[in-house]
Undergrad: 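My questions all concern the structure below.
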Amino acid sequence: MKRHELSTEHADLRAAVETFARTEVAPVIGDFYERGAFPYDIIAKMGQMGLFGLPFPEEHGGMGGDYFALCLALEELARVDSSVAITLEAGVSLGAMPIHRFGTEEQKKTYLPGLTSGEALGAFGLTEPDGGSDAGAPRTTARLEDGEWVINGTKSFITNSGTDITALVTVTAVTGTREDGRPEISSILVPRGTPGFSLGQKYSKVGWNASDTNELVFEDCRVPEANLVGERGRGYAQFLRILDEGRIAIAALSVGLAQGCVDESVRYAHERQAFGNSIGRYQAIQFKIAEMEARTYSARLAYYDAASRMLAGEPFKKEAAIAKLIASNAAMDNARDATQVFGGYGFMNDYPVGRFYRDAKILEIGEGTSEVQKMLIARELGLPA
């Protein structure tokens, strides 16, 4: 991929997902959102399109594409709705990718075909009730006993963890103590239905209401020793790699929401009449929408650049953090401005911008807060840790 240019394959994919989002998602998603219902039929269609398998090899049921293809799909979906976009992002980046990157061949053969087809969803259990951004100090523990991991602890805000098609969750847990006294953190795969693994509270959320988010509880949950994902003691390092990639994906999703705000505002500016003219004739509205478009354009270039560096095998940690920071800010700012363009109607759930406003804030929090992104950028610049 040339930086900032789309190949024919990427352009075709983007166009296909754009059409799907406009014709299949947009007409019905508002009802799912208001009911807080998971859109199983839409997710199934996304699976049939191959979206869950985009960055995975064909030998494991994937499409043989790349991570940038996933980002393009996320952007187009989020132009219409972020709930379906985050279901795809979490299912790929957090559910399937740890197994693809670090799993054994047996784990890949067992789980990836279902995850890459979209027939099953995976989740990643990292965040804890008292943890937040301090993900390197989990309280969940796992001890080896008679060839099994015995897991105890609680995980919070876990996407895709409680649906009817959820197959597994990979959890980080303290499995010992290092020589320097720090906790040894490992990743362990827990299939759905394992005794001792249950769902806690289902959250009442501000946004992303058509996506699934749950608390997870582990009480003497036993899984085979072979369910270790990657190396023992490397769970946190593995997650950081996954998170670097995921920030690019969240940036793409954020750009989609920001672009959706522009799309809706341009349409409404043509239709809405005030003081004898369409409001799009007034410079105040024109300037607001122009700023929205400029933010979106800049954020898109940022995530394109980060993705191109990743695909080229170049360092991309700083660029991923920059893309996530810029794009999530653009999403939040555009959602606020789009609501202002719509006036009182922007506060009504009948219009997409109301949903966009509710969905935007979490983008400045999930997969690394804006403050964490600034810390990462500062460290990459060589400033004191």
Side-chain angles (χ1 to χ4, degrees), residues 13 16-17 19-21 23-25 28-29 32 36-67 69-74 76-78 80-125 158-171 187-194 197-199 202 208 210-214 216 223 227 229 242 245-246 249 253:
L13 170 69
V17 180
T19 299
F20 172 79
T23 60
E24 300 287 341
V25 180
V28 299
I29 196 61
F32 285 99
F38 190 77
Y40 287 101
D41 289 345
I42 292 175
I43 300 306
K45 291 177 181 178
M46 289 163 55
Q48 292 162 10
M49 291 177 66
L51 300 188
F52 286 91
L54 282 173
F56 300 109
E58 295 178 8
E59 64 186 286
H60 293 133
M63 299 295 289
D66 55 33
Y67 205 84
L70 170 67
C71 290
L72 291 173
L74 291 171
E76 292 305 321
L77 289 171
V80 168
D81 178 71
S82 291
S83 291
V84 294
I86 196 58
T87 299
L88 175 62
E89 193 277 335
V92 173
S93 295
L94 301 178
M97 195 60 72
I99 299 172
H100 170 63
R101 294 282 188 215
F102 309 111
T104 65
E105 193 58 34
E106 183 63 27
Q107 289 170 347
K108 294 176 184 178
K109 289 180 180 179
T110 301
Y111 294 107
L112 283 183
L115 298 176
T116 57
S117 69
E119 295 176 1
L121 291 174
F124 195 96
I158 311 304
T159 304
N160 291 349
S161 58
T163 74
D164 292 345
I165 58 174
T166 298
L168 61 95
V169 57
T170 302
V171 299
S187 295
I188 302 172
L189 192 155
V190 183
R192 178 181 178 171
T194 301
F197 169 31
S198 61
L199 298 180
K202 183 174 182 179
W208 284 0
S211 76
D212 174 78
T213 313
N214 290 275
L216 307 182
V223 298
N227 282 27
V229 179
I242 294 297
E245 298 176 359
L253 192 158

Undergrad: Could you check whether any side-chain heavy atom of Ser161 comes within less than 4.5 Å of a side-chain heavy atom of Asn214, counting everything from C-beta outward?
TA: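 Yes, close enough: below the 4.5 Å cut-off.
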Undergrad: Roughly how far apart are Thr194 OG1 and Asn227 CG, rounded to 0.5 Å?
TA: 7.5 Å
Undergrad: Taking the side chain as every heavy atom from C-beta outward, state whether Val169 and Phe197 have any atom pair closer than 4.5 Å.
TA: yes
Undergrad: In the structure I gave you, are the side-chain heavy atoms of Leu199 and Leu216 within less than 4.5 Å of one another anywhere?
TA: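 They are in contact (side-chain heavy atoms under 4.5 Å apart), so the answer is yes.
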Undergrad: List the atom pairs, with distances to 0.1 Å, where a side-chain N or O of residues 86-103 and a protein N or O form a donor-acceptor pair under 3.5 Å, not counting sequence neighbours.
TA:
unit_1	atom_1	unit_2	atom_2	d
Thr87	OG1	Ser83	O	2.9
Glu89	OE2	Ser93	OG	3.3
Ser93	OG	Tyr67	OH	2.7
Ser93	OG	Glu89	O	3.4
Arg101	NE	Glu245	OE2	3.2
Arg101	NH2	Glu245	OE1	3.4
Arg101	NH2	Glu245	OE2	2.8

Undergrad: Between Tyr40 and Asp164, is there a donor-acceptor pair closer than 3.5 Å when you use the side chain of the first and the backbone of the second?
TA: yes
Undergrad: Judged by atom type as modelled, is there a donor-acceptor pair below 3.5 Å linking the side chain of Thr110 to the main-chain atoms of Gln107?
TA: no
Undergrad: Do Leu189 and Tyr111 make a side-chain contact, defined as non-hydrogen atoms from C-beta onward lying under 4.5 Å apart?
TA: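 In contact.
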Undergrad: Looking only at heavy atoms, which two atoms of Ile158 and Ala123 are closest? And how far apart?
TA: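 Between these two residues, the closest heavy atoms are CG2-CB, 3.8 Å.
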Undergrad: Going by atom type alone, with no hydrogens or angles, which donor-acceptor pairs under 3.5 Å involve a side-chain atom of residues 42-59 and a protein atom two or more places apart or on another chain?
TA:
unit_1	atom_1	unit_2	atom_2	d
Lys45	NZ	Glu24	OE1	2.9

Undergrad: Measure from the side-chain N and O atoms of Thr116 to the backbone N and O of His60, and report whether any donor-acceptor pair falls under 3.5 Å.
TA: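 Yes; judged by distance alone, with no hydrogens or angles, the pair exists.
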Undergrad: First locate atom CD1 of Ile165, then atom CZ of Arg192, and finally report the distance between them rounded to the nearest 0.5 Å.
TA: 9.5 Å
Undergrad: Would you say the side-chain atoms of Ser82 pair up with the backbone N or O of Ala85, donor to acceptor, closer than 3.5 Å?
TA: no
Undergrad: Measure from the side-chain N and O atoms of Asn160 to the backbone N and O of Asp212, and report whether any donor-acceptor pair falls under 3.5 Å.
TA: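 No, Asn160 side chain to Asp212 backbone: no donor-acceptor pair under 3.5 Å.
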Undergrad: Can you tell me how far the OG1 atom of Thr163 sits from the CG atom of Leu121, to the nearest 0.5 Å?
TA: 4.5 Å
Undergrad: What pairs with Thr159 under side-chain hydrogen bond (donor to acceptor under 3.5 Å, both in side chains), at least two apart in sequence or on another chain?
TA: none
